[in-house]
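Read through the structure below, which is laid out as structure tokens, and then see the notes.
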Amino acid sequence: MNQEGQAYSTFKLLIAAIVAMAILAILIPIIMQVMGLIKADPMNETKSLLSDLVGSPGAVKRTKEVVFSPDSVLAASALAERLPISADQICMSTGKFEEDDEDGFECLNCDGDPDKTQRIIYKGNGDITAKIAVVCNVSNDELASDIGAYGLQYSTGNSLVAACEVCADKGKCCAIVLERS
């Protein structure tokens, strides 16, 4: 009968299928995250906060809940990549997790040695959920003041203020602290 009409309706059906696929591609990740099937990556979330806060001295932000898998590493050198700060301008602490070694977090080189890059490693057996607090300031003294003001100084053993000695004379400095969610 009418050949042109058949081709047009097939084309409309193809367009409808493409639009439906695009909508699904947008909705599925949102639904999966709400249901907890997609886990927020600690490295990506922390990098995002660092890029926001490097230019906002004195402000603190916390990530949404992130999931550390066994052998996850949060390294200052990786966090400083493509940011206007260097790895020796980032100090780290396992925060409240430091009180209980059973959680499996270890902060390497967090003793304030300026020649060693700091990193947090999760050595637990299963996944663990946490939040990460980030604060930056223009000097080590100002950062130490912020750490106290925001209540980020949790530990007695691995002092975050001592860890921040890595950035003593380097201007801008940022602290990264794990918090229980």
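Hydrogens, waters and symmetry mates are skipped; everything else that's a heavy atom, side chains included, is used.
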Derivation and outcome, side chain to side chain contact (heavy atoms under 4.5 Å, CB included), residues Lys64 and Lys131: CA-CA 6 Å; Lys64 58 185 176 185; Lys131 289 186 178 184; over 6 Å; no
With side chain to side chain contact (heavy atoms under 4.5 Å, CB included) as the test, would you mind laying out the steps for Cys174 and Leu53 before giving the verdict? CA-CA 9 Å; Cys174 297; Leu53 292 176; 6.0 Å; no
How far apart are the C-alpha atoms of Ile90 and Gln118, what are their side-chain angles, what is the distance that settles it, and do they pass the side chain to side chain contact (heavy atoms under 4.5 Å, CB included) test? CA-CA 8 Å; Ile90 296 175; Gln118 296 184 10; over 6 Å; no
Identify whether Ile147 and Tyr150 are in the same connected component of the hydrophobic contact network (ILVMFWY, side-chain heavy atoms under 4.5 Å). yes
According to a hydrophobic-cluster definition based on side-chain heavy atoms being under 4.5 Å apart (Ile, Leu, Val, Met, Phe, Trp, Tyr only), do Val19 and Leu27 belong together? yes
Name of the residue among Val67, Ile120, Ile176, Val66 meeting side-chain contact (heavy atoms from CB on, under 4.5 Å) with Pro42: Val66
Rounded to the nearest 0.5 Å, the CG atom of Leu79 sits from the OG atom of Ser48 at a distance of 11.5 Å
Taking all atoms of both residues into account, what is the closest heavy-atom pair of Ser86 and Ala80, and its distance? C-CB, 3.7 Å
So how far is it from Leu50 CG to Glu81 CD, rounded to the nearest 0.5 Å? 12.5 Å
Is Cys173 close enough to Cys136 that their SG atoms are under 2.5 Å apart? no
Hey, is the main chain of Ile85 close enough, under 3.5 Å, to the side chain of Lys172 for a donor-acceptor pair? no
To the closest 0.5 Å, what do you measure between CG (Leu74) and CD (Glu45)? 11.5 Å
Using a 4.5 Å cut-off on heavy atoms from C-beta on, say whether the side chain of Leu49 contacts that of Ile132. no
Least distance between heavy atoms, Val73 atom then Met43 atom: O-CE, 3.6 Å
Can Val134 and Lys61 be said to form a side chain to side chain contact (heavy atoms under 4.5 Å, CB included), step by step? CA-CA 6 Å; Val134 178; Lys61 284 190 179 180; 5.6 Å; no
Do Glu142 side-chain atoms and Asn137 backbone N/O form a donor-acceptor pair below 3.5 Å? no
For a quick check under 3.5 Å, do Asp141 and Ser139 share a side-chain donor-acceptor pair by atom type? no
Measure across Pro70 and Gly124 and return the closest heavy-atom pair with its distance rounded to 0.1 Å. CB-O, 3.4 Å
Measuring from Tyr122:OH to Ile128:CD1, what's the distance to the nearest 0.5 Å? 4.5 Å
If every non-hydrogen atom of Val177 is compared with every non-hydrogen atom of Gly95, which pair is closest and at what distance? CG1-CA, 3.8 Å
Taking atom CD1 of Ile23 and atom CD1 of Ile28, what is their separation to the nearest 0.5 Å? 11.5 Å
Taking atom CG of Leu178 and atom SG of Cys107, what is their separation to the nearest 0.5 Å? 8.0 Å
Of the non-hydrogen atoms in Pro84 and Val54, which two are nearest, and what is the gap between them? CG-CG1, 3.3 Å
